[in-house]
Amino acid sequence: MKKSTLLISSLALLALPAVSCGQSSNSPISLYDADSRFVLTSFDEKGSMTLPTYRNKNTGEVPYAELGEFFYANGALGNLRTNVRKIDTTYQVERNDGKVLMSVDPVNDVLTVENYQLWLGHTSKLNNGIGPDIASPAADDEDLGAVHGSNKTRFIDLKNTPKEIYNLKDYGFDFVEKDGKCYGPTPLLSTLFYRDFPTDLLYNGMDFYISAMVQNPNLMPIQYSFYATNKKFLALEGSEASSYEPVGEEAYRFAYKLSQDGQPFYHIISLTKDGKGKLLYGQTPSDKGDIATINDMTFTYNWQKKENYLLVEIIASGTNPETGLPASLSQGTMKIPLRDTLFNTKTRSAEYARFSYDLLRFQFDKFYGLKDVAGFTSFEDYAVSKNLKQGLLSLDSSAYDEALAELTMKDIDDGHTSYTLPSIFSGKTAEDGKKLAAKHVGPRYMGLMNKLKEYTALRAQTMKLTDKSPAYEALGLFMEGSTAVIRFDEFVGRGSMVSNSIDKEEIESDPKLCFRDKDVPLGFDASFARIKKNTAIKNVVIDLSCNSGGEVMVIPYILAHITNDPLIAYNDIAVGGVKEFHYTVDLNHDKVYGGEGDTYQGQYKFYVLISNFSFSCANMLPTFARYSGAKLIGEKSGGGACSVAAFSDGAGSFFNISSPMQAVVPNSKDYKHNDGGNEVDYPLASSSWYDLAKLDEFVSAIK
């Protein structure tokens with residue numbers, strides 16, 4: 001991996017007549033460099049890169065990207081290299097081996113994903129310890145071994161090589177042809193490129209940044225991204241950062257407020273006069289501080305001040321996600337504008353308001369996975385029926401933000417769909433977004449939260465925990481009689497790495513501390529290291545009664561304990577077919593995946609304890625655990641059927657939706673999703689969940 005930074009200079013486009021055959025204009029259109037940039041990071045020999053976007057002079061604000069440049073910049077995250085070739089009137093985006101990923105017909109504004117199997121694997125995985133490391137998508141279209149870490153992917157009920165055809169005229173989108181190149185709206189391309197990933201591009205009115213709004217193992221090496229407007233940094237994990245008086249040799253100081261266990265603290269970006277910088281930790285924004293270690297990543301900065309912007313390269317010192325060894329990783333070179341953009345204008349143009357609404361229509365029509373639960377087939381009809389269309393088209397940015405929050409939080413209210421970040425036009429911060437989301441919380445979400453309060457209070461009472469007891473005291477491994485209970489409240493791993501980043505000496509760790517430190521794979525390793533030493537243990541209960549979900553990639557690691565064929569199945573309604581992902585896992589860390597010692601199948605009886613709260617991954621794991629031979633106990637789970645997709649409206653507002661990937665029972669007749677929750681095999685009253693003696697008696701009596 002190269003650590004050098006490569007800035008790709010702007011590709012100057014002369015203001016020459018261009019040919020537009022889309023519906024937005026019947027006259028020639030010129031594109032010009034509007035000083036907008038992709039600011040993205042590559043984990044290959046290309047280093048970091050900056051590539052231009054363009055504006056359409058007839059439509060003003062909407063940014064456009066040339067197909068080749070867009071795929072080059074974004075594909076760098078997955079080592080994707082593509083070519084763009086024109087055949088007749090169609091532009092084809094091809095892999096280096098000549099296979100076509102996508103084609104665009106700018107005459108009719110039709111975009112086609114030519115080969116869904118190839119498209120699904122358009123970003124190759126980083127080795128996450130689940131399945132052998134495969135460097136690139138498999139050449140065989142029917143066996144995408146690199147997808148999501150699986151070593152075998154089965155496509156069921158898909159006819160030949162399915163295509164996804166999008167008639168973009170239906171949504172008012174226009175592709176522009178100029179000088180033998182094809183350009184499309186950048187936010188639309190971002191929606192399509194990242195449709196299967198919980199991320200999207202963030203746009204601040206000037207620049208684009210990769211945004212890991214929801215953690216995704218494929219993108220976790222980018223730990224922190226920032227964007228700036230009007231001399232303010234906004235940290236994507238949630239808090240506004242403002243400029244402060246420089247301290248000592250500093251030229252600039254930006255600090256953003258966070259909290260931990262209810263106590264405030266600050267992360268401070270300190271840029272010094274010598275062009276260096278570092279991330280500090282302080283109790284106040286003026287602290288001199290120490291270098292902060294966050295998620296095992298220490299950040300430093302190299303910066304240069306240009307006329308009206310800062311050019312900042314972020315260097316993370318931590319663990320190389322490919323090798324597991326210490327390394328310095330470039331997190332990108334960012335152009336931070338020191339001037340106003342569209343931020344805080346309070347109003348949106350009619351053109352951008354219409355574009356954002358049409359993008360919402362497209363995203364929900366094509367990629368929202370629970371239309372049957374929300375009760376709509378057409379987003380247009382749904383917005384009208386909920387009296388939201390006027391607000392979503394409003395030129396008043398506050399009215400728009402209100403309508404978007406009401407749509408995602410109160411009306412859809414599926415537990416995954418949520419409002420996260422306000423529009424660039426509003427002048428509001430991410431913290432304002434949290435408040436707006438909380439204002440519009442729907443009844444299903446509130447019901448889940450009330451159940452969580454009920455169960456956590458019962459757990460604390462049964463375990464005799466006090467208000468001063470740390471939350472992790474309720475987690476860990478508990479053994480009573482012939483039963484072991486493994487309890488954790490969130491599906492989290494260690495970023496991109498799972499099993500092959502665990503040192504054998506770590507397995508002696510206290511499981512309680514592993515779960516406290518958000519490392520579920522290590523927590524299971526540490527638990528079974530102790531379970532194996534207790535010859536009385538016959539039953540293993542995985543307690544998900546207070547579990548809110550998390551990272552899907554942790555599920556196959558847990559399933560590997562139950563079965564030698566860990567399996568996750570999805571019905572992808574966007575393409576109309578079922579996908580099964582079969583995994584191999586290295587539980588004993590001998591670098592042999594799925595070999596001897598990599599499952600406990602047949603050695604213990606496995607049970608999964610679920611509740612009316614158990615949501616998302618805590619609803620998915622029981623689905624596949626029961627298919628793998630485990631029994632479900634407790635009460636019906638809380639639901640949450642789909643993976644999460646993060647989308648933007650193209651103007652800075654971010655929201656999550658339930659994606660088209662519906663978790664389903666493998667080999668079932670109708671492949672119905674499980675949003676309604678899993679019924680249990682053996683009901684058990686909550687009064688017995690946390691009483692180890694009662695739980696041991698209950699499962700020991702099951703034949």
Side-chain angles (χ1 to χ4, degrees), residues 164-173 187-188 191-192 194-196 198 200 353-394 399-420 436-437 439-448 570-578 615-616 619 638-650 653-664 670-677:
E164 292 180 296
I165 301 174
Y166 303 110
N167 188 340
L168 298 175
K169 282 187 177 181
D170 294 342
Y171 295 91
F173 297 131
L188 173 64
T191 289
L192 290 165
Y194 291 109
R195 52 153 285 189
D196 288 316
D200 208 317
R354 184 73 232 184
F355 174 80
S356 293
Y357 180 76
D358 288 337
L359 191 60
L360 289 175
R361 285 200 299 134
F362 180 76
Q363 290 162 336
F364 278 91
D365 281 352
K366 302 301 181 183
F367 303 124
Y368 178 61
L370 290 177
K371 295 186 183 71
D372 59 325
V373 176
F376 76 88
T377 55
S378 161
F379 179 80
E380 173 78 8
D381 294 341
Y382 187 75
V384 170
S385 70
K386 297 295 182 180
N387 297 315
L388 290 175
K389 183 175 180 179
Q390 183 177 353
L392 293 173
L393 280 168
S394 175
Y400 167 74
D401 285 332
E402 197 84 28
L404 185 59
E406 185 176 343
L407 165 74
T408 52
M409 299 300 300
K410 182 175 76 70
D411 290 320
I412 291 182
D413 188 27
D414 61 19
H416 277 146
T417 301
S418 59
Y419 177 85
T420 57
L436 192 54
K439 174 182 175 181
H440 290 286
V441 164
R444 179 177 182 182
Y445 183 86
M446 285 302 299
L448 288 168
Y570 292 102
N571 178 25
D572 188 342
I573 64 172
V575 72
V578 175
F615 188 76
S616 192
N619 183 50
C642 300
S643 60
V644 181
F647 286 131
S648 170
D649 67 347
S653 290
F654 263 83
F655 55 94
N656 298 326
I657 70 170
S658 290
S659 83
M661 301 272 282
Q662 301 177 341
V664 294
D670 57 3
Y671 292 106
K672 180 175 175 55
H673 65 70
N674 64 352
D675 187 68

S.K.: Can you list everything that forms a side-chain contact (heavy atoms from CB on, under 4.5 Å) with Asn571? Sequence neighbours excluded, please.
M.R.: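 With sequence neighbours excluded, Asn571 shows a side-chain contact (heavy atoms from CB on, under 4.5 Å) to Ile573, Val578, Gln662, Val664, given in chain and number order.
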S.K.: Rounded at 0.5 Å granularity, tell me how far CZ in Phe655 sits from CG in Asp200.
M.R.: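 Going from CZ on Phe655 over to CG on Asp200, the span is 8.0 Å.
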S.K.: According to side-chain hydrogen bond (donor to acceptor under 3.5 Å, both in side chains), who are the partners of Lys439, at least two apart in sequence or on a separate chain?
M.R.: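 Counting only residues at least two positions away or on another chain, Lys439 forms a side-chain hydrogen bond (donor to acceptor under 3.5 Å, both in side chains) with Glu402.
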S.K.: Check Leu370 against Ala641 and note the closest heavy-atom contact, atom names and distance.
M.R.: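 In this case the closest contact between Leu370 and Ala641 is CD2-CB, 4.3 Å.
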S.K.: Roughly how far, to the nearest 0.5 Å, is OH of Tyr671 from OH of Tyr570?
M.R.: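 Nearest 0.5 Å value for the OH-OH distance: 15.5 Å.
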S.K.: For side-chain contact (heavy atoms from CB on, under 4.5 Å), just list the numbers for Tyr445 and Thr417, CA-CA rounded to whole Å, side-chain angles, deciding distance to a tenth of an Å, and then say yes or no.
M.R.: CA-CA 10 Å; Tyr445 183 86; Thr417 301; over 6 Å; no
S.K.: How many angstroms lie between CZ in Arg354 and CG in Leu393, if you round to the nearest 0.5 Å?
M.R.: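 One gets 5.5 Å once the value is rounded to the nearest 0.5 Å.
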S.K.: Would you please name every residue forming a ring-ring contact (aromatic ring centres under 6.0 Å, His included) with Phe355, sequence neighbours left out?
M.R.: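 If we apply the ring-ring contact (aromatic ring centres under 6.0 Å, His included) test to Phe355, skipping adjacent residues, the hits are Phe173, Tyr352.
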S.K.: Who pairs with Glu380 by side-chain hydrogen bond (donor to acceptor under 3.5 Å, both in side chains), at least two apart in sequence or on another chain?
M.R.: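 By the side-chain hydrogen bond (donor to acceptor under 3.5 Å, both in side chains) rule, Glu380 matches Tyr357, Lys389.
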S.K.: Decide side-chain contact (heavy atoms from CB on, under 4.5 Å) for Leu359 and Phe364; before the verdict, give the C-alpha distance in whole Å, the side-chain angles of both, and the deciding distance to 0.1 Å.
M.R.: CA-CA 9 Å; Leu359 191 60; Phe364 278 91; over 6 Å; no
S.K.: Answer yes or no: is there a donor N or O on one side and an acceptor on the other, between the side chain of Ser659 and the main chain of Ser643, under 3.5 Å?
M.R.: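 Flag set: sc Ser659 to bb Ser643 pair under 3.5 Å.
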S.K.: Can you give me the closest heavy-atom contact between Glu164 and Ala574, atom names plus distance?
M.R.: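 Smallest interatomic distance, heavy atoms only, reads OE2-O, 3.5 Å.
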S.K.: According to salt bridge (Lys or Arg N to Asp or Glu O under 4.0 Å), does anything in residues 359-376 pair up with another residue at least two apart or in another chain? List the pairs.
M.R.: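 Checked against salt bridge (Lys or Arg N to Asp or Glu O under 4.0 Å) - neighbours excluded - the pairs reaching residues 359-376 are Asp358-Arg361.
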S.K.: Return the set of residues passing side-chain hydrogen bond (donor to acceptor under 3.5 Å, both in side chains) with Thr408 (not counting sequence neighbours), or none when no residue passes.
M.R.: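 In terms of side-chain hydrogen bond (donor to acceptor under 3.5 Å, both in side chains), with neighbours along the sequence ignored, Thr408 is linked to no residue.
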S.K.: On a heavy-atom basis, which atom in Gly638 and which in Phe615 lie closest, and how many Å separate them?
M.R.: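 Shortest heavy-atom separation between Gly638 and Phe615 comes out as O-CD1, 4.1 Å.
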S.K.: Atom CG of Leu436 and atom OG1 of Thr420: how far apart are they, to the nearest 0.5 Å?
M.R.: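 One finds 11.0 Å between CG of Leu436 and OG1 of Thr420.
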S.K.: Just checking, any donor-acceptor pair under 3.5 angstrom between side chains of Tyr419 and Asn656?
M.R.: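 Short answer, no.
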S.K.: Tell me every residue that passes ring-ring contact (aromatic ring centres under 6.0 Å, His included) with Phe376, counting only those two or more places apart in sequence or in another chain.
M.R.: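 Partners of Phe376 under the ring-ring contact (aromatic ring centres under 6.0 Å, His included) test: Tyr368, Tyr382.
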S.K.: Could you state the interatomic distance from NE2 (His416) to CG (Asp675), rounded to the nearest 0.5 Å?
M.R.: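 Here the interatomic distance stands at 8.5 Å.
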S.K.: Which atom pair, heavy atoms only, marks the closest approach of Tyr171 to Asn167?
M.R.: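 So the minimum-distance heavy-atom pair works out to CD1-O, 4.0 Å.
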S.K.: Is there side-chain contact between Asp649 and Phe654, with at least one heavy-atom pair below 4.5 Å?
M.R.: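 Result no, sub-4.5 Å side-chain heavy-atom pair not found.
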S.K.: For His673, give me all partners under ring-ring contact (aromatic ring centres under 6.0 Å, His included), at least two apart in sequence or on another chain.
M.R.: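 His673: no ring-ring contact (aromatic ring centres under 6.0 Å, His included) contacts found.
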S.K.: Just jot down the ring-ring contact (aromatic ring centres under 6.0 Å, His included) partners of Phe367, sequence neighbours excluded, or say none.
M.R.: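 ring-ring contact (aromatic ring centres under 6.0 Å, His included) check on Phe367 returns Phe362.
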S.K.: How about Leu360 and Gln363: do any of their side-chain heavy atoms sit closer than 4.5 Å?
M.R.: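 Yes - at least one pair of side-chain heavy atoms lies under 4.5 Å apart.
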S.K.: Please collect all salt bridge (Lys or Arg N to Asp or Glu O under 4.0 Å) contacts where either partner lies in residues 407-420, sequence neighbours excluded, each pair once.
M.R.: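 Of all non-adjacent pairs touching residues 407-420, those that pass salt bridge (Lys or Arg N to Asp or Glu O under 4.0 Å) are Glu406-Lys410.
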S.K.: Closest heavy-atom contact between Asn674 and Asn619?
M.R.: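 Shortest heavy-atom separation between Asn674 and Asn619 comes out as O-ND2, 2.9 Å.
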S.K.: Using modelled atom types and a 3.5 Å cut-off, is there a donor and acceptor pairing between side-chain atoms of Thr191 and backbone atoms of Pro187?
M.R.: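 Judged by distance alone, yes, a pair lies under 3.5 Å.
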S.K.: So, taking the atom named OG in Ser658 and the one named CD1 in Ile412, what distance separates them when rounded to the nearest 0.5 Å?
M.R.: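 CD1 of Ile412 is found 8.5 Å from OG of Ser658.
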S.K.: Report the residues that fulfil side-chain hydrogen bond (donor to acceptor under 3.5 Å, both in side chains) with Ser356, sequence neighbours left out, ordered by chain and then residue number.
M.R.: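 Partners of Ser356 by the side-chain hydrogen bond (donor to acceptor under 3.5 Å, both in side chains) criterion come out as none, since no residue qualifies.
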